[in-house]
Amino acid sequence: MENPDSLNRLQRQDFIKIVDGKQVDLFTLKNQHGAEVAITNYGAKIVSLVVPGKRKRIVDVVLGKNSIDEYLNDQEPYFGAVCGRTANRIAKGYFRLDGKEYHLAINNGPNNLHGGYKGFNAVVWDARQIDSKTLELSYLSPDGEEGYPGNLSVTVTYTLTEENELKINYQATTDKATLVNLTNHSYFNLKGEGNKSIRYTQLEINADYYLPTNDVSIPLGLPELVEDTPFDFREIRPILMQIDFEHTQLIFGNGYDHTYILRKGGDGLNFCAKAYDYESGVIMEVFTTEPSVHFYTGNFLDGSFIAKNGHRYPRRSAFCLETQHFPDSIHHPDYPTTVLKPGETFRSETVYKFSLPKRFKTGEENSLYRKDNISHNL
Ligand code: BGC
């Protein structure tokens, strides 16, 4: 059961359990270039994502837990999970579709969050490991589950490439009009999970606009320009540099907890964001077919429980880049629709690509990535 070749310290047997009558397990994808990802079919969660760091270090860049029993515990149920049917919030957990009213769980203040009490993060998916680099997870969400209409058939495929990319492909079909908005909710710390801060991480987001919200994180409606606000990540800069600025939106969100509208590119994958950690050297680039990314700085983490490798995760010790459609779209006819109808296929793809800084011919690191540049900005 133990995997002596594995780059992480997880034990597969700690994930083997029958949950809701279905087999839970841990699956490992590995390439020839030093990357490895471990995924459990409970919640389709990424448990560990190991990539090469500078000076031949290996870095596990995602927060996680040690065993299925720890995941079954309620403490932060979204680490690495696929969120659905509707990632993020639906105001008051209520919507009308095709003339009928639907009521969802109210599980976050007055709203519905991440699909309800038992969203896709808390169900057991059927797993099929296609080869050493591909895992296919499927789930049939029955009509009425968590209050949503229609039998929804969902497949999420994780693929690790030799270019150190983790690709996530989502596909869904339904037999009744329903809502679908899927994302992966990995919490990243590019210095390595368990490090107490993301202070030396820099971030760029390919967006001119974001969605301001009310005090319970529901978008107000119209997008606003990021220019001249602490929400401007159009040029790479330290992620926490302006997080404590006196700005109503940062007060409402307890930090960044906002959706960015990505600049329009072509029909396929578009550049979404880039993050870089000086200390580990890890660069993460994100590409997606989704129209937006929800940027969240782990504002509600509080270090109250022991997680992977004996680590605690304090406030803002990680960040999430949740590619998705806009929150609460069903109440905003001008937002891209999240309604899926029978006969249609929902398709979405997001790629997280990991690399190290390239050196110039002179041997100098690109000045963008030098520590003096970062501390100057801090
Ligand atoms: C939400 C946060 C929430 C977090 C839970 C994010 O997508 O926007 O408000 O606390 O998920 O992990």
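For ligands, and for the atoms within them, numbers begin at 1 and follow the listed sequence.
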| note | When distances are taken from atom 7 (O) of ligand 1, the protein heavy atom at minimum range is Glu322 OE1, 2.8 Å

| said: Could you tell me if Gln75 and Ser304 have a donor-acceptor pair between their side chains, going purely by distance under 3.5 Å? | reply: no

| message | So, 4.0 Å and heavy atoms of Tyr187: is ligand 1 close enough to count as a contact? | response | yes

| Matching residue for Glu36 among Arg9, Lys30, Lys133 - test: salt bridge (charged side-chain N to carboxylate O under 4.0 Å, His left out) | Lys30

| request: With heavy atoms only and a cut-off of under 4.0 Å, state how Asn299 meets ligand 1: side chain, backbone, both or neither. | output: neither

| said: Just to be sure I read this right, does ligand 1 sit under 4.0 Å from the backbone of Tyr256, its side chain, both, or neither, counting only heavy atoms? | reply: neither

| field | Option with minimal heavy-atom separation from atom 1 (C) of ligand 1, where the choices are Leu301, Asp257, Thr259, Val216 | value | Asp257

| message | I'd like to know whether CD of Glu235 has more than 12 heavy-atom contacts from other residues, nucleotides or ligands below 6.0 angstrom. | response | no

| message | For ligand 1 and Tyr78, I'd like to know whether there is a polar contact (N/O to N/O, distance under 3.5 Å). | response | no

| query | For ligand 1, which atoms sit closer than 4.0 Å to a heavy atom of Glu76? | reply | 12 (O)

| Quick one: nearest non-hydrogen protein atom to atom 6 (C) of ligand 1, plus distance? | His185 NE2, 3.4 Å

| said: Suppose I only count heavy atoms of His294 and a 4.0 Å limit; which atoms of ligand 1 are within that range? | reply: 7 (O), 8 (O)

| query | After noting the C-alpha distance and the side-chain angles of Asn41 and Asp25, does the key distance pass the side-chain hydrogen bond (donor to acceptor under 3.5 Å, both in side chains) rule? | reply | CA-CA 6 Å; Asn41 57 323; Asp25 206 332; over 6 Å; no

| query | Is the centre of the Tyr256 ring less than 6.0 Å from the centre of the Phe233 ring? | reply | yes

| message | Please enumerate all residues that pass side chain to side chain contact (heavy atoms under 4.5 Å, CB included) together with Pro342, with sequence neighbours excluded. | response | Thr174

| query | If you look only at pairs with a residue in residues 130-179, which of them pass as a ring pair (Phe, Tyr, Trp, His ring centres under 6.0 Å), with sequence neighbours excluded? | reply | Phe120-Tyr139, Trp125-Tyr139

| Short list, please: which atoms of ligand 1 are under 4.0 Å from a heavy atom of Phe300? | 9 (O), 10 (O)

